[in-house]
J.: 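Please read through the structure below; I'll follow up with questions.
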Amino acid sequence: MDHTREILTFQFGTYANYVGAHFWNQQEANFRYEDESDQVAEEQLPNNDILYREGLNALNRTTYTPRLLSVDLAGTLGHIPVTGELYGNFVQRDGELLPLGTGEELQRARQQAEESGVSASQHLDVQEQPQAPISEYQRDLLKNSVAPEKNYKLAETANSWADFLYARYHPRTLNILPGLVRDPTVQALGTYSAGTELWQGAAFNDEFCDRIRLYVEECDGLQGFHVLFDIDDGFGGLAVKCLEHLNDEYSRASFALPLHHPRITSYPQADSRLSHSIRVVNSVLSYNQLSEQAAMFTPLSTLETIWRNTNLKSRSLPGIQWQADNLYQTSALLAAFLDTATLGYRLRQTPESLLRFCERVSPSGRKMTAAGMALPFGLREGQDLIEFLDQSGDHALLTQLTPGCEPGTSYVMQSVTARGIPAERLKRPREQAGEQLRMAAYGCDSVSHMLQLYYQCSYHGSVTNAAATPLPLKTQLPFPYEMFSVGISGNGLRLPGESEREPGTRVDSAPMLAALQNSTKLGEHLDNLHAQTHRVQLAKLQAHSNSGLERDDYETALDQLLEFRDLYADSQYL
């Protein structure tokens, strides 16, 4: 009997929830409805049941929500109640979204929350709070009047991931850390040790583990977990302890994505030098545990490096421009990578699984991988893929999203996923092929086959697994389509010469390429991290000391980090 092979997703931290908001928006943009005509074959669409769950709300209406557990600080939810928006937590008056008030409305909220299983009556306390501000996009979304041509200026006005979230979450999804309030200037949960300490406290642990269990019990064939988390602060400790719990209780594959904040991270009562040291220690402790607890982990950031990058120098994607420290824009890029890179084991009728995917790219304990992306892909209007690849020469197709990391082009193990390149753009028909007939790639009959051949010829001694789907990345609202340059067409292709997109038109979709890569050169990333530890004076890091970090534990983590680095020593070992 076939099972759905469900995946449970975790998001720990504010930036992780920014990335998650874009990721779930993207999933819902790919939903296909009966009255829609789509040229993408059924088997080349995502199997939404892998990431989503079906349920009923208090009005006996079917709901379809992400199988997700999100953890964040107080003050990050904006207008969204902690129990979500599907179970009677809001009333609508004259097109406005208002929190429930007193009297009958409070009583109705209490009754619906109890009936929905959100909380038992003896634990439920409904309080009236001041109305939270709501973004213009969310107001229009409530009224079902979102205008694609309207400029909501989300890049300038979004103060939280709740301001652009299109997806709606299940009541058990959102978890707010007790006693910690978001501060835009400093990290409220600053250290890895503080995160592990919080996990061990009953105030958080008991209910959160119960929610994990409830999700798992709903699954027919749970295959594993996606874990997104902020690594620069205490959410790293929280995420790693969660991974340890998942391994102990469920023994499934875990794909972890530590996210580096695109802004300079500050901590309470710490100058820039101490803040840098805290960030280094957080990363050392997280990497050490990830090498043991995760099936695979891939550090992500739009910055070139996260070590002493005071000018916030970003990576560069041809055809896209963004503000280096903008959470709304940078998180959209990381979400686009995650959505595309994981498609291979989320498509309908695919034989791929999360475990096989991780094992293929991270053999023999090399659990850390690097991320590469091309968005948009770079294909020119009227150009075939065979010509594009032939003309690329030594120019790399991918831009790295793992900071301070270049996997190289020799002895690389990689999983590459292409999307949005239709089969008719592969090559010309034989009677029109001309010079294409002389190319070895003309014998390829699919996008994945042609990419496989390209990397076989371009990457010496490498092993590549290529997959493809004609489903493009949907870049309509609330995706930050303003990032695309005027030289990109509405369907994400490069316009010829100096041509520009027509004024008033926007990019609605785009082809792209995403890859997870592993090679000996990833050891340099670990070397760079270890080099930063020489400047760390642990005795001066009061924040870590107050959270119970012992010098022996830190020294052990450093030794184990060097042992993990040794796995990347043999340049010709795959």
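Along the sequence shown, residues are numbered consecutively beginning with 1. Just so you know, these numbers come straight off a predicted model, no measurement behind them.
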J.: Angle class for the Y345/F357 ring planes (parallel below 30°, perpendicular above 60°, tilted otherwise)?
T.: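 Taking F357 first and then Y345, their aromatic rings sit tilted (interplane angle of 30° to 60°).
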
J.: Excluding sequence neighbours, so at least two apart, what forms side-chain contact (heavy atoms from CB on, under 4.5 Å) with E555?
T.: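 Applying side-chain contact (heavy atoms from CB on, under 4.5 Å) to E555 gives R551, L558.
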
J.: Parallel under 30°, tilted from 30 to 60°, perpendicular over 60°: which one fits the rings of Y15 and Y18?
T.: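 It falls in the tilted class, 30° to 60°.
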
J.: Measuring from atom OG of S519 to atom CD of E524, what distance do you get when rounded to the nearest 0.5 angstrom?
T.: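 The OG atom of S519 sits 8.5 Å away from the CD atom of E524.
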
J.: Starting from the C-alpha separation in whole Å, work towards a yes-or-no answer on side-chain hydrogen bond (donor to acceptor under 3.5 Å, both in side chains) for H525 and Y287.
T.: CA-CA 11 Å; H525 176 90; Y287 275 41; 2.8 Å; yes

J.: With a 3.5 Å distance limit and no angle check, can you tell me whether R315 reaches the backbone of T402 through a side-chain donor-acceptor pair?
T.: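 The answer is yes, because a donor-acceptor pair under 3.5 Å joins these two groups.
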
J.: Would you compute the distance between atom CD of Q456 and atom CG of L451 and round it to the nearest 0.5 angstrom?
T.: 12.5 Å

J.: Assess whether side-chain hydrogen bond (donor to acceptor under 3.5 Å, both in side chains) is satisfied between Y411 and N518, documenting all intermediate values.
T.: CA-CA 9 Å; Y411 302 105; N518 208 331; over 6 Å; no

J.: Kindly give the heavy-atom pair with the smallest separation between T173 and P66, and that separation in Å.
T.: OG1-O, 4.2 Å

J.: Between the side chains of T369 and T298, is a donor N or O closer than 3.5 angstrom to an acceptor N or O?
T.: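 A donor-acceptor contact under 3.5 Å links the two side chains.
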
J.: Could you give me the CA-CA distance, side-chain angles and deciding distance for L355 and Q223, then say whether side chain to side chain contact (heavy atoms under 4.5 Å, CB included) is met?
T.: CA-CA 7 Å; L355 178 60; Q223 63 172 316; over 6 Å; no

J.: Donor-acceptor pair, distance only, cut-off 3.5 Å: does the side chain of R348 make one with the backbone of P46?
T.: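 Yes, the answer is positive, given that a donor and an acceptor are paired below the 3.5 Å cut-off.
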
J.: After noting the C-alpha distance and the side-chain angles of L354 and R252, does the key distance pass the side chain to side chain contact (heavy atoms under 4.5 Å, CB included) rule?
T.: CA-CA 9 Å; L354 174 58; R252 299 291 193 276; over 6 Å; no

J.: Evaluate the side-chain proximity of I80 to L174: yes if any heavy-atom separation is below 4.5 Å, no if none is.
T.: yes

J.: For the residue pair H276 / Q532, report whether a side-chain donor-acceptor contact shorter than 3.5 Å exists.
T.: yes

J.: Can you check whether R356's main-chain N or O pairs, donor with acceptor, with S353's side chain at less than 3.5 Å?
T.: yes

J.: What orientation do F225 and Y250 show, parallel under 30°, tilted 30 to 60°, or perpendicular over 60°?
T.: tilted

J.: Looking at H260 and S283, what are the two nearest heavy atoms and their distance?
T.: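 So the two residues come closest at CE1-OG, 3.9 Å.
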
J.: Which donor-acceptor pairs under 3.5 Å do the side chains of residues 236-245 make with protein atoms, sequence neighbours left out?
T.:
from : atom 1 : to   : atom 2 : distance (Å)
K241 : NZ     : E244 : OE1    : 3.3

J.: Determine yes or no for a side-chain-to-main-chain donor-acceptor pair under 3.5 angstrom, with R263 supplying the side chain and D325 the backbone.
T.: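 Here the side-chain-to-backbone pair exists.
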
J.: Has N282 got a side-chain atom pairing as donor or acceptor with Y192's backbone, closer than 3.5 angstrom?
T.: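 Side chain of N282 to backbone of Y192, a donor-acceptor pair under 3.5 Å: yes, one is there.
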
J.: Using the ring of each side chain (for Trp, its six-membered ring), is F10 parallel, tilted or perpendicular to F12, with breaks at 30° and 60°?
T.: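 It falls in the parallel class, under 30°.
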
J.: Can you tell me how far apart CG (N30) and NZ (K474) are? Round to the nearest 0.5 Å.
T.: 5.0 Å

J.: Would you mind reporting whether W24 and Y166 have side-chain heavy atoms less than 4.5 Å apart?
T.: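 Counting from C-beta outward, Y166 and W24 never come under 4.5 Å.
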
J.: Is there a donor-acceptor pair closer than 3.5 Å between any side-chain N or O of T330 and the backbone N or O of T302?
T.: no

J.: To the nearest 0.5 angstrom, please state how far the OG1 atom of T340 sits from the CD atom of Q26.
T.: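 Rounded to the nearest 0.5 Å, the OG1-CD separation comes to 7.5 Å.
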
J.: Can you tell me how far apart NE2 (H226) and CG (L8) are? Round to the nearest 0.5 Å.
T.: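 That separation rounds to 10.5 Å.
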
J.: Answer with yes or no whether the side chains of E304 and Q400 bring together a donor and an acceptor at under 3.5 Å.
T.: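 Not at all, the side chains of Q400 and E304 share no donor-acceptor pair under 3.5 Å.
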
J.: Taking all heavy atoms of E28 and all of A167, pick out the closest pair and write down the distance.
T.: OE2-CB, 3.3 Å

J.: Less than 4.5 Å apart, side chain to side chain, heavy atoms only: is that true for P407 and L522?
T.: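 They are in side-chain contact.
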
J.: Please determine if R172 and E218 form a salt bridge, counting it only when a charged side-chain N lies under 4.0 Å from a carboxylate O.
T.: yes

J.: Could you grab the distance from atom NE2 of H530 to atom CG of N528, nearest 0.5 Å is fine?
T.: 12.0 Å

J.: Closest approach of G221 and E6, non-hydrogen atoms and distance?
T.: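 Heavy atoms of G221 and E6 come nearest at N-OE1, 2.9 Å.
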
J.: Quick check: do H261 and T14 have side-chain heavy atoms less than 4.5 Å from each other?
T.: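 When only atoms from C-beta onward are counted, T14 and H261 do not touch, as no gap falls below 4.5 Å.
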
J.: Could you check if a side-chain atom of R211 sits within less than 4.5 angstrom of a side-chain atom of N175, using non-hydrogen atoms only?
T.: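 They are in side-chain contact.
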
J.: Is it the case that the side chain of R168 and the backbone of L165 share a donor-acceptor pair, with hydrogens and angles ignored and the cut-off at 3.5 Å?
T.: yes

J.: For T464 and Q452, run side-chain hydrogen bond (donor to acceptor under 3.5 Å, both in side chains): C-alpha distance rounded to whole Å, both residues' side-chain angles, the deciding distance at 0.1 Å, then the answer.
T.: CA-CA 6 Å; T464 299; Q452 194 93 27; 5.5 Å; no

J.: Dump the intermediate steps for side-chain hydrogen bond (donor to acceptor under 3.5 Å, both in side chains) on S70 and N17, then the final yes or no.
T.: CA-CA 7 Å; S70 161; N17 279 297; 2.5 Å; yes

J.: Please check if the side chain of R419 supplies one atom and the backbone of L471 the other of a donor-acceptor pair under 3.5 Å.
T.: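 Yes; at least one donor-acceptor contact below 3.5 Å.
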
J.: Is there a donor-acceptor contact under 3.5 Å from the side chain of S275 to the main chain of S266?
T.: no

J.: Are the side chains of L338 and L334 in touch, meaning some heavy atoms are under 4.5 Å apart?
T.: no

J.: If I compare all heavy atoms of S364 with all of L567, which pair ends up nearest, and what's the gap?
T.: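 Closest heavy-atom pair between S364 and L567: O-CD2, 4.1 Å.
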
J.: I would like to know whether Y267 and T191 meet side chain to side chain contact (heavy atoms under 4.5 Å, CB included); could you show each step before the answer?
T.: CA-CA 9 Å; Y267 304 88; T191 65; 5.7 Å; no

J.: Using a cut-off of 6.0 Å, state whether more than 12 heavy atoms not belonging to R273 lie near its atom CZ.
T.: no

J.: Quick one: does R346's side chain get under 4.5 Å of D339's, heavy atoms only?
T.: yes

J.: Given 3.5 Å as the limit, does a donor-acceptor pair link the side chain of T350 with the main chain of L347, or not?
T.: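 Flag not set: sc T350 to bb L347 has no pair under 3.5 Å.
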
J.: Can you name the nearest heavy-atom pair linking L398 to A374, along with the distance?
T.: CD2-N, 3.9 Å

J.: Taking only residues two or more places apart in sequence or in another chain, which ones pass ring pair (Phe, Tyr, Trp, His ring centres under 6.0 Å) with H22?
T.: F164, Y328

J.: Let me know which of Y169, F31, Y215 forms a ring-ring contact (aromatic ring centres under 6.0 Å, His included) with Y52.
T.: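 The ring-ring contact (aromatic ring centres under 6.0 Å, His included) with Y52 is passed solely by F31 among Y169, F31, Y215.
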
J.: Please determine whether side chain to side chain contact (heavy atoms under 4.5 Å, CB included) holds for the pair I231 and F297, giving the CA-CA distance in whole Å, both sets of side-chain angles, and the decisive distance to 0.1 Å.
T.: CA-CA 12 Å; I231 192 175; F297 69 98; over 6 Å; no

J.: Quick one: are L375 and L513 in side-chain contact, heavy atoms under 4.5 Å?
T.: no

